[in-house]
**Q** 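Starting off with a structure, shown below.
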Amino acid sequence: MSATIIDGKSISKLIQKEIGQQAAEFHQGSGVRPKLAAVLVGEDPASQVYVRNKERACKRCNIDSELFRLGADATTAQVMELVNRLNNDSSVHGILVQLPLPKQVDALQVLDAIRPLKDVDAFHPENVGLLSQGRPRFLPCTPFGIIHLLSRSGIETTGKHACIVGRSDIVGKPMALMLAQRDTGLGAAFANATVTLCHSRTADLKAHTKMADIVIAAIGKANFITAEHLKEDAVVIDVGINRTDDGLVGDVDFAAASEVASAITPVPGGVGPMTVTILLENTLKAAKLQTA
Ligand code: GUN
């Protein structure tokens, strides 16, 4: 194995320590403790784990959190009523509605109802629009976590060719926008990429990924990206979290890709911890914006 492992767990720890200090300083100066409200609808086991991890991380970082649970049979109106209550609660700075929502709930209607200043996931059309114009308020957690991972690992993106596989609203699309910007807040060295956005209808996927200096896999298919997709010494970022009979695996065949790549994120312990970390960063930012 030749690739350097990009350790998202230890990078997260470092950044969370910084956020914890900043949250404490903000509290000292303003008397306000940042607070995240997490909304969990139903009993999805993975969502329960994610929300628990987010609550624990808040505690470590001097950020208050409160979990609001609704049953699996909740209606859109009931979720909307809760979101509206949290919108109007001045002690709540960030609102996170854990996805996926049960199928009877209109997810777009719910996410659109979150007050943009409390939208710490950056899913609201106003925040997506601001990002696309290069003047972001909040940056979406997983893609911005990836930019932080690259930055803390000293892997510059300027002038490089990044190939993103997957066009979701949560990861692929905002990742493409962010990498193509002049700066996302961590300096020009960690933006300014030439971006290819591939998806399920892309013809000859390998031809695209094989040209890339950086491959970001966010497709939701276990072990999909293999050594044949990669150029020698490519940097490989694996966003996938797939539960298989062999346990938790990413979208990248880690063992095979590690032989070709220069650096690679593991699953678990790569991108996942960074998503939580940026959520905390956004919650602190939301508290500052609402306290100004
Ligand atoms: N489910 C999977 N990823 C996410 C995320 O980033 N935010 C929310 N709210 N739900 C998710």
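When a ligand or atom number is given, it counts from 1 through the structure's own listing order. The model shown is predicted, which means the values in this text are computed figures rather than measured ones.
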**Q** Counting from 1, what ligand 1 atoms have a heavy atom of V97 closer than 4.0 Å?
**A**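 Close to V97: 8 (C), 9 (N).
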**Q** Is the count of non-hydrogen atoms from other residues, nucleotides or ligands lying under 6.0 Å from E18 atom CD greater than 12?
**A**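 Above 12, so yes.
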**Q** Taking atom 1 (N) of ligand 1 as the reference point, report whether a protein heavy atom occurs under 4.0 Å from it.
**A**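 Protein heavy atoms within 4.0 Å of atom 1 (N) of ligand 1 - there is at least one.
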**Q** For T158 and E156, does a side-chain donor sit closer than 3.5 Å to a side-chain acceptor?
**A**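 No pair is found: no donor N or O on one side chain lies under 3.5 Å from an acceptor on the other.
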**Q** For S91, which residues count as a side chain to side chain contact (heavy atoms under 4.5 Å, CB included) partner, sequence neighbours excluded?
**A**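 Result, side chain to side chain contact (heavy atoms under 4.5 Å, CB included) vs S91: K35, D89.
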**Q** Between the side chains of R137 and E126, is the shortest nitrogen-to-carboxylate-oxygen separation below 4.0 Å, so that they form an ion pair?
**A**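 So E126 pairs with R137 through a salt bridge.
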**Q** At under 4.0 Å between heavy atoms, is it the side chain or the backbone of L96 that contacts ligand 1, or both, or neither?
**A**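 For L96, the contact with ligand 1 is made by the side chain alone.
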**Q** Regarding ligand 1, does Q98 bring an N or O atom to under 3.5 Å of one of the ligand's N or O atoms?
**A**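 Yes, at least one N or O pair falls under 3.5 Å.
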**Q** Looking only at distances, can you tell me whether any N or O atom of L99, backbone or side chain, sits closer than 3.5 Å to an N or O atom of ligand 1?
**A**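 Yes; at least one N/O pair falls below 3.5 Å.
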**Q** Scan for side chain to side chain donor-acceptor pair (under 3.5 Å) pairs involving residues 94-117, sequence neighbours excluded, and state none if there are none.
**A**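 Passing the test, one end in residues 94-117: K54-Q98.
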**Q** May I ask you to identify, for D121, whether its side chain, its backbone, both or neither come under 4.0 Å of ligand 1 on a heavy-atom basis?
**A**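 The answer is the side chain.
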**Q** Below a 4.0 angstrom heavy-atom separation, can you tell me which part of Y50, side chain or backbone, both or neither, approaches ligand 1?
**A**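 Looking at Y50 and ligand 1, no heavy atom falls under 4.0 Å.
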**Q** Would you please say whether a donor-acceptor pair under 3.5 Å links the side chains of S12 and T277?
**A**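 A donor-acceptor contact under 3.5 Å links the two side chains.
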**Q** Can you find an N/O atom of F123 closer than 3.5 Å to an N/O atom of ligand 1?
**A**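 No; the residue has no nitrogen or oxygen that sits under 3.5 Å from a nitrogen or oxygen of the ligand.
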